[in-house]
Protein chains: 2
Amino acid sequence: MRLVIARCSVDYVGRLTAHLPLATRLLMIKADGSVLVHSDGGSYKPLNWMSPPCVLREDEGVWTVTNKAGEQLLITIEEVLSDVSADLGVDPGLVKDGVEAHLQALLAQHCEKLGEGFRLVRREYPTDIGPVDLLCRDADGQAVAIEIKRRGEIDGVEQLARYVERLDRDPLLRPVRGMFVAQEIKPQAKVLAGDRGIVCIEVDYDELRGIDTSADRLF
Amino acid sequence: MRLVIARCSVDYVGRLTAHLPLATRLLMIKADGSVLVHSDGGSYKPLNWMSPPCVLREDEGVWTVTNKAGEQLLITIEEVLSDVSADLGVDPGLVKDGVEAHLQALLAQHCEKLGEGFRLVRREYPTDIGPVDLLCRDADGQAVAIEIKRRGEIDGVEQLARYVERLDRDPLLRPVRGMFVAQEIKPQAKVLAGDRGIVCIEVDYDELRGIDTSADRLF
DNA sequence: TTGTTGATTTCGCAA
DNA sequence: TTGCGAAGTCAACAA
């Protein structure tokens with residue numbers, strides 16, 4: 001990795017065109033040739049960048065970064081204030097825990113938490129407009145399509161409503177009801193769900209994880 | 001801005017928990033206190049980070065970054081390989097040039113590209129749930145409501161369906177048909193559009209831009 | 001302040 | 001490879 005602090009202006013021509021006027025910025029050049037232009041603030045997103053794979057050509061006062069699609073990042077360098085390099089090696093990578101996939105896995109395993117007598121038919125039950133997270137049968141044997149989100153918003157309800165509409169056309173499933181499950185459901189989503197005849201359930205991730213852990217610890 | 005290259009391990013506890021094993025990485029500390037942990041590859045997204053506003057506490061071999069919500073980034077530093085600082089000042093910021101707006105302008109000017117004999121009634125035709133991008137009349141004089149997106153997804157189809165439903169209540173327009181226009185339309189959006197009786201058209205932005213340019217150059 | 005929408009989204013998984 | 005949904009999405013903009 002190479003880190004250059006320089007007074008520069010930057011132009012991007014590709015999926016859009018964008019321009020950065022002359023100012024002092026950090027230019028980060030990674031081992032794969034990708035370039036990031038960072039200012040001293042804002043978020044983790046650079047002001048401008050070129051994603052790998054791409055090629056950096058360094059001319060007198062002008063850097064040209066080009067990718068396969070022909071998109072270009074033009075960096076005009078007025079003055080270099082600092083220029084350091086280091087060999088970082090390959091990163092072992094991030095280990096995550098606590099995202100939607102976990103929630104879905106936990107609920108698939110403990111679907112009785114969603115309603116007494118619930119039995120799982122399958123996860124990722126396919127429809128022709130995409131898979132629904134869980135398909136269950138309730139205590140009466142009626143089909144229940146379940147959409148799981150970390151945070152329940154209006155889109156998720158619409159999405160589930162479409163799934164239910166599709167699944168309800170299947171004579172082997174009909175009648176199908178919908179259940180919207182999330183750690184937290186926004187009021188507007190609840191209203192729309194009510195309109196669509198969809199039940200909303202808010203679940204506690206830590207509690208579910210606890211159940212799972214305690215079940216493991218029985219042995 | 002301060003740039004530290006160090007052998008370190010990183011733990012994040014907040015909206016999720018995540019761990020980075022010991023490796024050499026770049027730690028970027030911005031003027032607003034935010035911290036980014038970058039590896040020498042991947043995209044512009046850091047391996048881990050803390051967004052501002054947040055506070056960095058530096059102890060012997062351990063950095064603790066905390067934000068208002070109580071989320072924490074713990075950086076355990078084994079060895080510092082480089083440590084440079086620079087004053088970058090405030091960045092004047094990015095100047096963008098949009099694609100979707102341009103696409104709408106081009107199609108308003110060349111709506112015959114959407115169907116033979118099409119005439120523009122107006123851009124941003126108002127309804128009580130928001131303006132539809134274009135309203136046209138086809139060769140037979142029938143009203144056509146047109147929604148333009150850069151990329152056509154399922155939400156856009158729903159949006160257009162709502163517009164068509166509203167406009168169709170107007171006796172001066174009825175019957176109104178819908179047309180969904182984008183550079184690229186996803187298969188699922190096409191399926192839903194078919195269901196809703198909406199026509200899908202994929203247009204070539206570069207070609208349209210070319211027509212426009214050549215038309216300009218007649219003079 | 002809160003909600004909604006777009007992104008040069010990026011990222012990960014599965015067909 | 002492509003498609004699709006999630007993201008610690010982030011960030012801009014409107015209400």
Side-chain angles (χ1 to χ4, degrees), chain A residues 10-20 34-37 41-52 54 65 67 69-73 93-94 96-104 123-124 126-133 147-156 158-160 163 182-183 186-189, chain B residues 10-19 34-37 41-52 54 65 67 69-73 93-94 96-101 129-130 149-156 158-159 182-191:
Chain A
V10 180
D11 287 276
Y12 167 75
V13 180
R15 277 165 278 187
L16 55 72
T17 61
H19 174 73
L20 283 170
S34 61
V35 177
L36 282 63
V37 182
S43 65
Y44 67 64
K45 197 174 173 178
L47 293 166
N48 218 323
W49 71 94
M50 184 66 78
S51 304
C54 59
V65 192
N67 72 1
E71 300 172 24
Q72 271 199 339
L73 195 66
L94 189 68
K96 279 189 192 183
D97 176 44
V99 288
E100 186 184 299
H102 293 229
L103 199 57
Q104 196 195 109
R123 286 172 67 176
E124 305 288 352
T127 78
D128 55 356
I129 54 167
V132 63
D133 288 338
E147 183 67 28
I148 299 168
K149 295 283 179 197
R150 208 167 54 78
R151 279 180 317 206
E153 298 182 23
I154 216 156
D155 303 13
E158 297 272 34
Q159 191 184 340
L160 177 55
Y163 290 143
Q183 283 184 271
K186 300 219 168 164
Q188 296 194 346
Chain B
V10 182
D11 287 277
Y12 167 76
V13 180
R15 275 167 279 188
L16 56 70
T17 61
H19 173 72
S34 60
V35 177
L36 283 62
V37 182
S43 68
Y44 67 66
K45 196 175 175 179
L47 292 167
N48 220 325
W49 72 94
M50 184 66 78
S51 304
C54 59
V65 192
N67 73 0
E71 300 171 23
Q72 271 199 337
L73 195 65
L94 189 69
K96 272 192 195 180
D97 183 15
V99 174
E100 189 179 306
I129 53 167
K149 294 282 179 198
R150 209 163 61 78
R151 278 180 318 204
E153 300 184 21
I154 214 156
D155 299 8
E158 295 274 33
Q159 189 184 343
Q183 280 185 276
E184 182 202 343
I185 300 178
K186 300 219 168 165
Q188 296 192 349
K190 286 181 184 172
V191 170

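Proteins come first, then strands; the chains are lettered A, B, ... in the order of their sequence lines, and each starts at number 1.
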Quiz item: What integer distance in Å separates B/Y12:OH from D/dA7:C1'?
Solution: 12 Å
Practice problem: Find the distance A/L103:CG to D/dA6:P and express it as a whole number of Å. | Solution: 12 Å
Quiz prompt | d(NE2, A/H102; C1', D/dG5) in whole Å | solution = 16 Å
Practice problem: Please report the closest heavy-atom contact between A/G156 and A/K149, naming both atoms and the distance. | Solution: CA-CE, 4.0 Å
Quiz item: Think A/W49 has a side-chain N or O under 4.0 angstrom from the OP1 or OP2 of C/dT10?
Solution: yes
Self-check item: Nucleotide of C/dT10, D/dA6, D/dG5 approaching B/K45 most closely (side-chain heavy atoms)
Solution: C/dT10
Quiz item: Under 4.0 Å: is that the gap between some side-chain N or O of A/S51 and OP1 or OP2 of C/dT10?
Solution: yes
Practice problem: Indicate whether OP1 or OP2 belonging to C/dA14 is found under 4.0 Å from a side-chain N or O atom of A/R123. | Solution: no
Quiz item: Is any side-chain N or O of B/K149 closer than 4.0 Å to OP1 or OP2 of C/dT5?
Solution: no
Self-check item: Nearest heavy-atom neighbours spanning B/L73 and B/W49
Solution: CD2-C, 3.7 Å
Quiz item: For A/P131 and B/L73, take the nucleotide of DNA chain D holding the closest heavy atom to each; which residue's nucleotide lies nearer the 5' end?
Solution: A/P131
Exercise. Let me know the distance between CG of B/L47 and P of C/dG12, rounded to the nearest Å.
Key: 10 Å
Practice problem: Between A/E71 and A/D155, name the one whose nearest nucleotide on DNA chain C is closer to the 5' end. | Solution: A/D155
Quiz item: Which one, D/dG5, D/dC10, C/dT9, comes nearest to the side chain of A/Y44?
Solution: D/dC10
Quiz item: Picking from D/dA6, D/dC10, C/dT10, which would you name as closest to the side chain of B/R15?
Solution: D/dC10
Quiz item: Rounding to a whole Å, what distance do you find between A/K186:NZ and C/dT5:P?
Solution: 11 Å
Practice problem: Find the distance A/N67:CG to C/dT10:C1' and express it as a whole number of Å. | Solution: 15 Å
Quiz prompt | Polar side-chain atom of A/D133 near backbone of A/I148 as donor-acceptor pair, under 3.5 Å | solution = yes
Exercise. Mind checking A/M50 for me? I need base, sugar-phosphate or nothing, with any heavy atom below 4.0 Å counting as a touch.
Key: nothing
Exercise. Please report the closest heavy-atom contact between A/P52 and A/S34, naming both atoms and the distance.
Key: CD-CB, 3.5 Å
Practice problem: First locate atom NZ of A/K186, then atom CG of A/D155, and finally report the distance between them rounded to the nearest 0.5 Å. | Solution: 10.5 Å
Practice problem: Specify the separation, in whole Å, of atom OH of A/Y163 and atom C1' of D/dC4. | Solution: 9 Å
